[in-house]
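One structure is given here, and the rest of the page talks about it.
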There are 4 protein chains.
Amino acid sequence: MLMSYTAAVAGCTGYAGGEVLRLLAGHPMIEIGALTAGASAGTLLGEHHPNLLDLYDRPVVETTAENLAGHDVVFLALPHGASAAVADLLPAETLVIDCGADHRLTSAERWRAFYGTPYAGAWPYGLPELPGQRERLRGARRIAVCGCYVATSTLGLLPALTGGLIAGRDITIAAASGTSGAGRNPRPNLLGSETAGSVSAYGVGGTHRHIPEILQNLELLGARSPSISFTPLLAPMQRGILAVITAPVDPSITAEQVHESYRSAYADEPFVRVLPPGVWPASGSVLGSNSVVVNATVDEAAGRLVAVSALDNLTKGTAGSAVQSMNLALGLTETTGLSTMGVAP
Amino acid sequence: MLMSYTAAVAGCTGYAGGEVLRLLAGHPMIEIGALTAGASAGTLLGEHHPNLLDLYDRPVVETTAENLAGHDVVFLALPHGASAAVADLLPAETLVIDCGADHRLTSAERWRAFYGTPYAGAWPYGLPELPGQRERLRGARRIAVCGCYVATSTLGLLPALTGGLIAGRDITIAAASGTSGAGRNPRPNLLGSETAGSVSAYGVGGTHRHIPEILQNLELLGARSPSISFTPLLAPMQRGILAVITAPVDPSITAEQVHESYRSAYADEPFVRVLPPGVWPASGSVLGSNSVVVNATVDEAAGRLVAVSALDNLTKGTAGSAVQSMNLALGLTETTGLSTMGVAP
Amino acid sequence: MLMSYTAAVAGCTGYAGGEVLRLLAGHPMIEIGALTAGASAGTLLGEHHPNLLDLYDRPVVETTAENLAGHDVVFLALPHGASAAVADLLPAETLVIDCGADHRLTSAERWRAFYGTPYAGAWPYGLPELPGQRERLRGARRIAVCGCYVATSTLGLLPALTGGLIAGRDITIAAASGTSGAGRNPRPNLLGSETAGSVSAYGVGGTHRHIPEILQNLELLGARSPSISFTPLLAPMQRGILAVITAPVDPSITAEQVHESYRSAYADEPFVRVLPPGVWPASGSVLGSNSVVVNATVDEAAGRLVAVSALDNLTKGTAGSAVQSMNLALGLTETTGLSTMGVAP
Amino acid sequence: MLMSYTAAVAGCTGYAGGEVLRLLAGHPMIEIGALTAGASAGTLLGEHHPNLLDLYDRPVVETTAENLAGHDVVFLALPHGASAAVADLLPAETLVIDCGADHRLTSAERWRAFYGTPYAGAWPYGLPELPGQRERLRGARRIAVCGCYVATSTLGLLPALTGGLIAGRDITIAAASGTSGAGRNPRPNLLGSETAGSVSAYGVGGTHRHIPEILQNLELLGARSPSISFTPLLAPMQRGILAVITAPVDPSITAEQVHESYRSAYADEPFVRVLPPGVWPASGSVLGSNSVVVNATVDEAAGRLVAVSALDNLTKGTAGSAVQSMNLALGLTETTGLSTMGVAP
């Protein structure tokens, strides 16, 4: 008989919380416990996530210490700045996995520069593919899951940095995200009438909050004084991020070398797939899965390595990495309950 | 240790074949064997289904008796009229599951009226929710999976007929389908530039080939001389069907009675969910799942029962019902390898 | 030299107001005057309608008698129930064109049954294609523009009724609309993440407020005691409505007769096009235009005439019919400033 | 009374040809003449462009000297490599406007490097916003309209180069295009089932044929030895291109200076709009119009100027610039028949 763990989700009514629940419902060793929220307490989960049919009638209760008590795992899918207070309600032996940004940055200075609010300290970082990170996640009881643009960008660059193909300076990233990345708070610019049929830019000029987190990862991958120009785009789709990444590359390095570096760097990764030469990622091919698809080449005339990476912002970009990290923290097989197969077409 | 079965897919490069493979890859008791096709033999599966990352490098071989031999199950995902010839290549003890239309109709006359080609005879019908159908599917070795519009329409009407709420005459159905229902054959009118941002009608006026199959099911549900006006629409989405169904209803029947009939009819069905009163189906909520969402009411002024049903045309509408039927035929738990949770948003 | 008129738009920040402005900006005889709103007074028009580049810096002022004074035409694009109060601010000689529902229904009883609020009385009805309606609109100074579903449904049925092909009873209509029909008020279910990739039903069972208006038009077209089952759908697109309409038809009537009736009924209509036999409307083909595309046939087995009609809900369904009606009221050429050519693909 | 010109369109069945016709139909001084094609000769225009309702029944005839003779203007909307042969059929005094690439590049070497086919020589270049270009277009009788990605990229960079803000080296461009940019040739990867819900990359690594054309424009704008890394993306929409452009910038240059340079550079351009500081382009806001929306800033930490530009690939990116160039060549007001107002939402 399989041992099982109980998991609660605080902030269950948003998109991140809903995706965590979708994955947990398919996880053979997790029993879903309390579903908590703020203003939505007293409703049914199905009112927020009609796709989660087997949990449709589960009540949403208030986010309190009492309601979250007694679970082996508590996922936090809360607005920025709310995680620390909820985590404080929980005993040290509870595995707390924060899908938000509050505990990702190790630099208080960077935190303050981009977030403005008080710095809450860093937790072990939920992107298992980073070198050495699996060791840090095994047995951890507090985990800060990576940001969605960050996961896409970091995994698009990792082999170039660990393979010494690039130095990490003057990187450019343009990344298109589906609208679910902007969350569920109803704002006029996120109405379907506005987002359909249109690609738009936002946060242009180095202001997006995922920038310090990407820089932190690049440093962890060996870059000294990395710099990135990061431009996020909103694309007319529900899920998915595709990032176009360029970085100065030594003219002696060939496209074949780049591809081979990427292949070998990810050869043993269960969730990262380097596509064949000349085949480029489509975000739709990984929808609903925990997979990342990547490819890279050299643009000789431009003197730049060009990498393209894609993942599902809600799955591998948030809830999938959360469950993957949970598996590691609990000592389970890392891939349990996670699919590599995208729902397509 | 679990027993496992081997399954081949003939016609693996189309959308139905791809969805069968996506589901089989997550099925704990199936080992995927030969992947066959016609003109695409010699390619890799990943060239056709880049979402099926774990099967990316699997070779596509020719659809021959030799290549299909030795499997416990063979799925046929072939163009109309091609199934009989391939089924003839396979021994009687092989479980053959046809995702196409060739063996669905029990009436040679209806077949000829709508298809024109020679009638190939009927197989046990792969829509387990029909009364008495599970018994017919258990142990079956030839199964004809239901059509996608047919599953949506039939399950939207079933409780109204079995509950005696309607007689089955003068039914109207307008059903909007995602573009994957039209298959993968590149035609100008199926280009993304044509299908995006537009709803269009086709096959208007009683010409769609799913009509005789719906009528057959209505008769099986007790309707005498049923008649339907069926209008299919193409909607700007990849997957999903939503059907609006109306039927004359006795003025004495109330909305509450209708809802209660639907609830009780489907109370034990693992994949059909009747939504709360006043909550109406959205096709997106069941994307990638084997679930059907249904609701119904009475329009008193119009004198009609109105039901709305939605499912994923590739999953419950094709490959999901195929796997569900396979589970029954092999004596497995009916729900094995099938999710009830839609990928949303 | 051309004479020109000044036009103000009250409620300029919503989708209807924006579309009125887009059309007026291309109208050779209209000079755009005051742009008014409620809470958005003090902003620039470009903040709400970045597509209206030539009006980007125009200030939005408060909806007051003073601001609306002195215009030849005032368009009202206000929430339900707000039009009467604003119209009362304006002199009788000002042409007031209400894009809302407040003054459409001639029956106080029907108004109260569907709207609940006090009845404000009917104005000349802004659907010029109705028989005799052009005469009523010429010189009118108060006009209530048709509803969007209503225009689609009415024009889809008109030739069948005026040609005596159907009686107008037991009609069924399922109509799919783009999301702009639901307006710009941010609601969670209208977020792009919810509306993309999904068709959903709402207002099922005879509750939609456009039903009494359709019935009123059917009566005007000669139907006695008409009845309709009307089901609206939300489709994943910004604009457009496509309606599938069925009605009992005498078995002696052929598809050819039906098509010919439609052709001849609309032969002189500048904005209604009957497609060739077998070619069915796509809503995308009329995007941004004032055109309606229609076709109809007979489903013999079902005993029903089936008509399909499509238009752009914001143009012909609202602002286009408003400008067309304005042209008639002002004695201008009816088609001035209105395009028949959809923006496609 | 206005003088009018006759215009023929060779290659009228594709998307570029259709858009030329949509614009010409609204042009007050153009009378549409012959509509020609290759394999589609003998069909009606409405079979290809059901949106062009007023031209629905116009016959498509073969592309021959005879059919094209006697027109003042002939638009060529042909596959790569086919323009020269058709242009040779036409007298020198006919205004020939090529929407294809054949006559855009002034460098035979660059042509051969990217196209491989024989070099056909350069014609006056149809992007009137380039400095000095209006003079070259006035009275011209052969015009090669700019490429769609090229127009977006060039107009996004123009003020940065003419204002001396950047040198033109090490530019990066990631540009997302709607699917109509890929044309109407049915290919499996362009099916709606593939393109919906997904952003994908293609032509990565410096291989796209618009690169030499962008470089040519940058040189014309004063860049010496320009270099660009250009990555095209396919976005799930029908129309529109949005480009994210970065270029090394001197650290002394501020965001305010950049914005001011852009504002002043485009102050007199009728079709280019610089958005207010902090407001970034959305491709949907210019749909169906001839407008370009642009904005730019400085990312200090990255040391790069970042510009974002958006236009409709079929209008300003092709047919709109073609008509704008035609107006100049014929001595008409440049903006005749062209709208600045996007069709949105």
Side-chain angles (χ1 to χ4, degrees), chain A residues 170-178 189 191 193-207 211 227-231 233-242 244 246 248 255 278 280-285 287 295-304 306-308 310 344-345, chain D residues 170-178 189 191 193-207 211 227-231 233-242 244 246 248 255 278 280-285 287 295-304 306-308 310 344-345:
Chain A
D170 199 25
I171 291 168
T172 72
I173 305 175
S177 173
N189 65 318
L191 286 174
S193 300
E194 309 283 329
T195 59
S198 186
V199 169
S200 58
Y202 68 100
V204 182
T207 64
I211 291 174
S227 74
I228 55 170
S229 160
F230 176 79
T231 307
L233 306 176
L234 203 60
M237 57 191 189
Q238 295 163 288
R239 291 169 171 243
I241 292 180
L242 183 137
V244 176
T246 78
W280 296 96
S283 70
S285 73
L287 188 139
N295 211 342
T297 190
V298 169
D299 181 339
E300 281 181 42
R304 287 190 166 255
V306 187
V308 180
Chain D
D170 200 26
I171 291 167
T172 71
I173 305 174
S177 173
N189 65 317
L191 286 174
S193 301
E194 309 282 330
T195 59
S198 186
V199 169
S200 58
Y202 68 100
V204 182
T207 64
I211 291 174
S227 75
I228 55 170
S229 160
F230 176 79
T231 308
L233 306 176
L234 203 60
M237 56 192 190
Q238 294 164 288
R239 290 169 171 245
I241 292 180
L242 183 136
V244 175
T246 78
W280 296 97
S283 70
S285 72
L287 188 139
N295 211 342
T297 190
V298 169
D299 181 339
E300 282 181 42
R304 286 190 166 256
V306 187
V308 180

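Below, chain A is the first sequence line, B the second, and so on; all start at residue 1.
In this structure, the portions of A:Val204 lying under 4.5 Å from any heavy atom of chain D include both its backbone and its side chain. Only the side chain of A:Leu242 comes within contact range of chain D, judged by heavy atoms closer than 4.5 Å. For A:Thr246, the part lying near chain D is the side chain, with the backbone staying farther off; criterion is any non-hydrogen pair under 4.5 Å. Contacts between D:Val199 and chain A at a heavy-atom distance below 4.5 Å involve backbone atoms as well as side-chain atoms. In this structure, chain A has heavy atoms under 4.5 Å from both the backbone and the side chain of D:Ser229. Contacts of D:Ser198 with chain A are made by both backbone and side-chain atoms, with heavy-atom separations under 4.5 Å. Contact of D:Leu191 with chain A is not made at all, since no heavy-atom distance falls under 4.5 Å. Only the side chain of A:Thr172 comes within contact range of chain D, judged by heavy atoms closer than 4.5 Å. In this structure, the portion of A:Ala235 lying under 4.5 Å from any heavy atom of chain D is its side chain and not its backbone. Of the two parts of D:Pro236, the backbone and the side chain both hold a non-hydrogen atom closer than 4.5 Å to a non-hydrogen atom of chain A.
Counting heavy-atom pairs under 4.5 Å between each of A:Ala174, A:Ala201, A:Ser227 and chain D puts A:Ala201 at the top. Between chain D and the options A:Gly240, A:Pro281, A:Gly203, heavy-atom pairs under 4.5 Å are most frequent for A:Pro281. Most heavy-atom pairs under 4.5 Å with chain D: of the set A:Thr231, A:Asp170, A:Val306, this distinction falls to A:Asp170.
Legend: residues meeting side-chain hydrogen bond (donor to acceptor under 3.5 Å, both in side chains) with D:Thr297, ordered by chain and number and at least two apart, are absent. Taking the side-chain hydrogen bond (donor to acceptor under 3.5 Å, both in side chains) definition, one finds that D:Glu194 meets it with B:Tyr15, B:Arg184, sequence neighbours left out.
In this structure, A:Thr195 OG1 and D:Met237 CE are separated by 12.0 Å, a value rounded to the nearest 0.5 Å.
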